[in-house]
Amino acid sequence: MQYHLNFNFIWRYSEKLWSGLLLSIELALVSILIGCLIGFALAVAYNGGGRLTRWLVAAYVEFIRNVPLLLLVYLVFYGIPSAGGFAYGATESFVVTLSLYAGAHLVEVFRAGLDAVPKGVVDAGKAIGLTPWQRLAHVRFPVMLRIVLPALSNTFISLFKDTSLASVIAVPELTYGANWIKTNTFRAVEVWIVTAPMYLITGWAILAALRGLERALIPRRRA
Amino acid sequence: MSGAFAFVVGTIPFLWQGLLMTLYVSAIVVVLSVVVGVVFGVLLAYGPWWARWPLRAYSDILRGTPLLVVIFTIYYLLPFAGLNLQPLPAVLLALVMFKTAHVSEIARGAIQSIPQGQTDAAKAIGLTFFQRLAYVILPQSVRRFLPPWINSVTDAVKGSSLVSLVGIVDLMLAAQQVIGRTYEPLPIYLLAAAIYFVINYSLSTLSRRLEARYAYIRE
Amino acid sequence: MAEALVSIRNLKKSFGRTRVLDGVDIDVGKGEAVVLIGASGSGKTTLLRCVNALERYDDGSIRVDGVEVGFRGEGAERRPRGERELSAIRADIGMVFQLFNLFPHLNARENVMLGLQKVRGLTKAEARERADHWLAQVGLADRAENYPSELSGGQQQRVGIARAVAMEPKLLLLDEITSALDPELVGEVLAVVRRLAADGMTMIVVTHEMIFARDVGTRVVFMDGGVKVEEGAPRDLLVNPRSERLKAFLSRLEMH
């Protein structure tokens, strides 16, 4: 049986893909933002906290990191409302899930980064009389940021790719759009040939932007 | 409380079959991807340009695309390429191809982390290329290879849950089928999560043991 | 001079546009210890690496025991040697490195045994016996089971020497083998080399230790800018340098 590629249907419904890609990027951005807040707060809590705090943070991180994201997506969207007797939209649900997921991965990144801030730099902050919060805001955070940026880039790209899982609870992002076109036109090959590069190229663009940010923030060292 | 407990226990036989499928898929993916991935990694590190160039493209493209999209793309592209596979082999192929891309990159990185002096010294005592690889480079690379690789093994177990989306009854889909009959999403999802957690947490604990065993260099 | 074991003729080598060796001629007789001196960047280490085919040379020839190292065939038929031939050639040329380059996943004995088993085809028992013999020769009989990370720099370098000489090479190349060592550890390594020289091992030595060059070297070659500037008997050359470049080099050394 000879199958002839025909992209006409894709162009007719390309709006589904473009709006989907836009939503994918939005989902990633919002979740990364919230995830960074969660991750940084918990990293600070972990590094300065007592045993109970450490245990709780570790439990959160280990649970999220060892369970498939797909399961977490279902758990938050179907599982939790069923027990709590409330409901929320698929998009909100997915943002909550991906933020918690991002937070767990980012705790590790930020924690390692805070540990890598040279002690002498913090001591210098003490020596000029900064309070602990001032030291965190003006010394530890900016130094840490420069240390973790390369690792952050990888995490961000991963999170962008993970937005494709929102399709399973009918959030109309890129993968969902692609699936919709496939279901309505039976042009599966064409639609995936177009969709995969959309993810690939967007991911590379994000990476290029982050690399640019790295170069701007981290002065090149000469040995 | 005891009623809820009995209910959860009652679902275990259904989930058990799914769990076996999850373990089967994960094992196939892990074993095949490590064999092919290490060969690709060696080629990426030492191969001629005509081997390196396509492998680099392969690895970068698959690693840059969401696993779900890779699965759908390969799943629907296979018949087009003249390969009419059943759903399970088709999705296995997609998972193996995806994981191989990651493993080849881990292997290449591990190999290239070995200092040039090691190759020089191995050459100087007259070892041939394959002897250098077998007795000097690869044994040392293991240490660098293991931590990210075990990480990728737990990723493979988690990623295997996506086979549920093409109708393979793994732990994920089995859980959903149970939920479809009982309308009790939360306990079932939590039970499934607990099972995944136990598998992956044991794997990462194992990896820390292995790392300690290979720590022959004081750093 | 005794029968030449190594003969290097018009050796040329460039890295990109930088010419590192620009037509060097050196002969090394059997049992000789030729010492190469010169500033860093003078090409002496590259020359050493060419002799062991760790670098490919562009032009000229290096013959060890009558065999061209890097190429096969003559004239228009000349082709770079393949991996397998190079391995066989390297097996008969020992090399000791500046940074030791011991295999960190193998203990001292296994470091020495690897080439004996895999290249020389000795059985495990034979390889072990010969490894232990050479470890004893370099004074490390009690360190055979230690991994490189458990040894001092001087001990690591002595294992490196044992690993090279256990292969019973025709020629031994020493590449600044003491320059990564703490000063107090230099002596133990040089003592081992002195004994090898006295036993008639043919050597090409790159070093910054002028006293060592004078004591062990049968001949000293001074290189600068990729060419041989001067050569002669150590006592003569180092005491009465003729060229301005060697005079400048030696006076810089004395200031340190």
Side-chain angles (χ1 to χ4, degrees), chain B residues 38-39 41-52 106-107 109-150 207 209-219, chain C residues 45 48-49 51-55 82-107 110-121 127 146-151 156 159-160 162-169 171-175 180:
Chain B
V38 167
V39 173
V42 170
L43 284 169
L44 278 169
Y46 297 113
W49 66 268
W50 48 263
R52 275 201 319 268
I106 296 171
I111 288 168
Q112 291 186 335
S113 75
I114 307 302
Q116 176 64 29
Q118 290 294 309
T119 301
D120 285 349
K123 280 181 176 174
I125 55 172
L127 295 179
T128 62
F129 175 76
F130 286 105
Q131 288 175 325
R132 296 198 292 271
L133 212 53
Y135 305 120
V136 176
I137 304 297
L138 291 183
Q140 295 185 56
S141 310
V142 168
R143 221 174 121 261
R144 301 269 179 172
F145 179 79
L146 268 182
W149 180 69
I150 299 265
S207 84
R209 296 251 173 85
L210 278 175
E211 277 169 53
R213 213 174 114 184
Y214 280 95
Y216 50 79
I217 297 177
R218 271 182 287 162
E219 281 174 320
Chain C
T45 287
L48 211 59
R49 291 173 63 85
V51 174
N52 205 7
L54 291 178
E55 303 284 355
E83 260 296 319
R84 213 151 258 291
E85 293 174 344
L86 288 179
S87 299
I89 287 172
R90 288 183 189 123
D92 289 332
I93 303 173
M95 183 154 184
V96 185
F97 299 87
Q98 180 176 6
L99 297 173
F100 328 136
N101 296 350
L102 293 189
F103 306 127
H105 60 302
L106 303 177
N107 66 30
E110 291 163 342
N111 260 277
V112 183
M113 286 170 67
L114 183 62
L116 298 176
Q117 284 184 267
K118 303 303 171 188
V119 180
R120 291 288 184 237
N146 286 102
Y147 283 86
S149 61
E150 301 164 338
L151 299 173
Q156 287 190 58
V159 175
R163 179 174 68 179
V165 294
M167 297 290 289
E168 298 178 346
L171 169 69
L172 189 62
L173 309 173
L174 308 179
D175 184 13

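Side-chain atoms are counted along with the backbone in the values below, which use heavy atoms only and exclude waters and symmetry mates. Sequence lines set the chain letters: A, B, ... in the order given, protein chains first and strands last, and positions in each chain run from 1.
- In terms of heavy-atom pairs under 4.5 angstrom with chain C, the leader among B:Asp120, B:Thr128, B:Leu127 is B:Asp120.
- Considering only heavy atoms from C-beta on, B:Lys123 stays 4.5 Å or farther from C:Leu86 through its side chain.
- For a heavy-atom cut-off of 4.5 Å, chain C lies close to no residue in residues 109-116 of chain B.
- Identified under the salt bridge (Lys or Arg N to Asp or Glu O under 4.0 Å) test for residues 90-107 of chain C, with sequence neighbours left out: C:Asp92-C:Arg120, C:Asp92-C:Lys170.
- Interatomic distance, B:Ile125 CD1 to C:Asn101 CG, rounded to the nearest 0.5 Å: 11.5 Å.
- For B:Gln118, the parts lying near chain C are the backbone and the side chain together; criterion is any non-hydrogen pair under 4.5 Å.
- Comparing C:Arg84, C:Lys118, C:Glu83, C:Met167 by how many heavy-atom pairs each has under 4.5 Å with chain B, the most go to C:Lys118.
- With sequence neighbours excluded, no residue forms a side chain to side chain donor-acceptor pair (under 3.5 Å) with C:Asn52.
- Using a 4.5 Å cut-off between heavy atoms, C:Phe97 contacts chain B through its side chain alone, with no backbone atom that close.
- With C:His105 contributing its side chain and B:Tyr135 its backbone, the two residues share a donor-acceptor pair below 3.5 Å.
- With a 4.5 Å cut-off on non-hydrogen atoms, C:Leu99 does not touch chain B at all.
- Residues passing the ring-ring contact (aromatic ring centres under 6.0 Å, His included) test with C:Phe100, sequence neighbours excluded: none.
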